[in-house]
Protein chains: 2
Amino acid sequence: MSRATVYDVAREAGVSIKTVSRVVNGSEAVTPQTRDRVMAAVTALKYVPNSNALSLKSGSSRTVGVVVDSLADPFFAAIVAVVESKLVTAGYTVLVAATNRQGAREREQVIALTRHRIAGLLLVPASSDHTYLADALHGIPLVMVDRDGELPGCDVVRVQDHDAAQEAIAGMLAAGHRRIAFVGDSNALPTNRDRHRGYLDAFAAAGVPVDPELERWDSDQPDAAAGATRALLALPDPPTAFFCCHPRGAAGTIRALHELGRTDCAMISFGDVQLGDLLDPALTVIDHRPEELAEAAVALLLRRMTESATGEVGRDPEQIVLPLQLIRRGSGELTP
Amino acid sequence: MSRATVYDVAREAGVSIKTVSRVVNGSEAVTPQTRDRVMAAVTALKYVPNSNALSLKSGSSRTVGVVVDSLADPFFAAIVAVVESKLVTAGYTVLVAATNRQGAREREQVIALTRHRIAGLLLVPASSDHTYLADALHGIPLVMVDRDGELPGCDVVRVQDHDAAQEAIAGMLAAGHRRIAFVGDSNALPTNRDRHRGYLDAFAAAGVPVDPELERWDSDQPDAAAGATRALLALPDPPTAFFCCHPRGAAGTIRALHELGRTDCAMISFGDVQLGDLLDPALTVIDHRPEELAEAAVALLLRRMTESATGEVGRDPEQIVLPLQLIRRGSGELTP
DNA sequence: CAGGGTATTGACAGCGCTGTCAAAGATGGG
DNA sequence: CCCATCTTTGACAGCGCTGTCAATACCCTG
């Protein structure tokens, strides 16, 4: 009744368990006849190797952990999808975990993953303190994705947050906007701080003063962003343009503008929004490129895992920074 | 250098490995002093139990596999997010796998998961033949999600595909539409066939003849749906309304209608589309409720896993069918 | 046909953990 | 103060698998 093991297959095929192991793993020399007998037994008994036993032996399993803010968020969902696809091809299974941006949760989730002796970890940092990782991972290869965890010696794959934001804001300033709202997510995240610095630097470069009243850091959810947008528009000297730090916030800003009938307000979202091109005006966005981010991260992680397995001495930590592109669709090009 | 084991902790605390096991698992009686000594050693050595060893012993790991069409699709992403959240709370780790709707891939992925001796499986069926599951799962609890796998004796959590579609079409017929296009996904999926039957039954109930020329089964991607929409509109006697079987197809139909400036066409999407309420006209949808679907599926799976672990005899297979709601936002209520 | 290799196969330990059972220590009634 | 009872702790096997090393079978050369 229980699942077949190497012993069952060995008995069925009239060989030793070691030979079964050899055939199943396919590497070592085995006579064709023996191989056939074993394969027949494998098929007859529906033998499927127990990866737990394998992992126990080898000390690490062919699994990779992926920790993101939220699995439902389209940006992270796109990342997870690419990661799964690439890793399955490479013979790994993917364990997922969500942090909901809670630093404490990140740690719990990572430690839960280490129980499984994952071979590698892709982490979108949620915590500001990653010193626990050295002890928790104990040498397991780690690649930080999208955000810099500010852990010395750590591989990171991220995007040009600062430059893309600066370019977007510079365009709005060039179009004549002077009061551009910054609808920010959480300033605990380095990415958002980078985007904010891009915002500030664009103003500085244009010699336009910044009004701190137009900066909000509370809009990590659509509803909050909608509220922030309404509040900003209710100011005595309201903004004529909106820069949304995150597509989730952008959805709120879009909704608020839509409800108020404000099709005159310029707007740019950091990160694409589904169907944004069909809105009126069509949404100008900075394409966040989750797929490329994920591909680069997986490639780097696979390399690190190979190095780790072969005992090869790891090269210097990599900092891959992908360039971003502004997709001008209308809303960002409106003049005041 | 290597990771600490029970032996290391036992040595450090001056007790036997069994006592370490007892303290770590917290159930059996241990003197407070002993417990403290062991806990101190656990902390000092950063001991984290090896779940592979545990699983090898017990024969099954505290992991659950989730197999969906695509991890990037918002509908499945929402499901996976809820599943992860609930299962982590229950002490499980989640393994994900995508099928991309390829039946052969489903089998491969499921078998890959069984290597890990998962404790349960949530499966969105992609294959039409699930006879392999009996052998592959070998008693592992399984809950089919969203689609009926047509496997006798299997638990299923799905939605009222037929009724919701019929209601939507009935509304359009009542509004005076006589030519309603069916922009279908793949007719290999039972859900889509159910939705199609709902479509047909609504016509039959209204005594309106169906024109097979208005039925498309090739629109599983936005581009294909956009092409199908354009082709339908180019017919001599074009449809005045569109029923999209799937939000991915709906995105294409919306795009095609938008590009042609056809704000006069009625349209209903099966499954919600992000920002659909901000389009012009706002999109009428059948809310597919991925969160409720996932919650029901996880609850059922947890119950089955408990029954399975305690050797309790499983009750009859459950067929949970969630009712759906039509969200009228304008596009579905347009008259011809 | 013997000797020395090569190709193929097998016996066995041990990865980290917990269940079983037994031993040792603590407690208390007679 | 002794023995029965309960509590706490420990020794050991074994979960399924592969690495190590040894044994056997086979082949070729001289």
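Source: prediction; values computed, not measured. Just so we're on the same page: letters track the sequence lines, and every chain starts at 1.
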- Query: If you look at every strand shown and take non-hydrogen atoms under 4.0 Å, does B/N25 touch a base, only sugar-phosphate, or nothing?
  - Reply: sugar-phosphate
- Task: Kindly indicate whether the side chain of A/R101, heavy atoms from C-beta on, has any atom under 4.5 Å from the side chain of A/S186.
- Result: yes
- Item | Smallest separation among heavy atoms of A/D148 and A/P190, with atom names | O-CG, 3.4 Å
- Message: Ignoring hydrogens and geometry beyond distance, is a side-chain donor-acceptor pair present between B/D129 and B/T131 at under 3.5 Å?
- Response: yes
- Message: Short of 4.0 Å, heavy atom to strand atom, which residues of residues 33-49 of chain A count as contacting DNA chain C?
- Response: A/T34
- Would you mind classifying the nucleic acid contact of A/L56 as base, sugar-phosphate or nothing, using non-hydrogen atoms under 4.0 angstrom? base
- Note on the structure: The complete set of ring-ring contact (aromatic ring centres under 6.0 Å, His included) pairs with one or both residues in residues 78-135 of chain A, sequence neighbours excluded, reads none
- Short side-chain to backbone donor-acceptor contact, A/T191 and A/R147, under 3.5 Å: no
- Item | DNA chain C-proximal residues of residues 12-22 of chain A, any heavy atom under 4.0 Å | A/V15, A/S16, A/K18, A/T19, A/R22
- Message: I'd like to know if the side chain of B/S55 reaches the main chain of A/N52, judged simply by a donor and an acceptor atom lying under 3.5 Å from each other, with no hydrogens or angles considered.
- Response: no
- Message: Within the supplied structure, the quantity of interest is the number of heavy atoms (other residues, nucleotides, ligands) at a distance under 6.0 Å from B/R115 CZ; does it exceed 12?
- Response: no
- Main-chain N/O of B/A90 paired to B/R62 side chain as donor or acceptor, under 3.5 Å: yes
- Query: So how far is it from B/D69 CG to B/N100 CG, rounded to the nearest 0.5 Å?
  - Reply: 8.0 Å
- Note on the structure: Tightest non-hydrogen contact, residues A/L142 and A/C154, listed as CD2-SG, 3.8 Å
For residues 117-126 of chain B, which side-chain donor-acceptor pairs fall under 3.5 Å, sequence neighbours excluded?
from	atom 1	to	atom 2	distance (Å)
B/R117	NH1	B/T114	O	2.8
B/R117	NH2	A/V48	O	2.8

- Could you point out which residue of B/R304, B/R303, B/Q319 forms a side chain to side chain donor-acceptor pair (under 3.5 Å) with B/D155? B/R304
- Message: Of all nucleotides in DNA chain D that come within under 4.0 Å of a heavy atom of chain B, which is furthest toward the 5' end and which toward the 3' end?
- Response: D/dT8 to D/dG16
- Message: Between the opening five pairs and the closing five pairs of the helix from C/dC1-D/dG30 to C/dG30-D/dC1, how far apart are the helix axes, to 10°?
- Response: 50°
- Message: With heavy-atom distances below 4.5 Å as the criterion, would you say the side chains of A/V96 and A/L71 are in contact?
- Response: yes
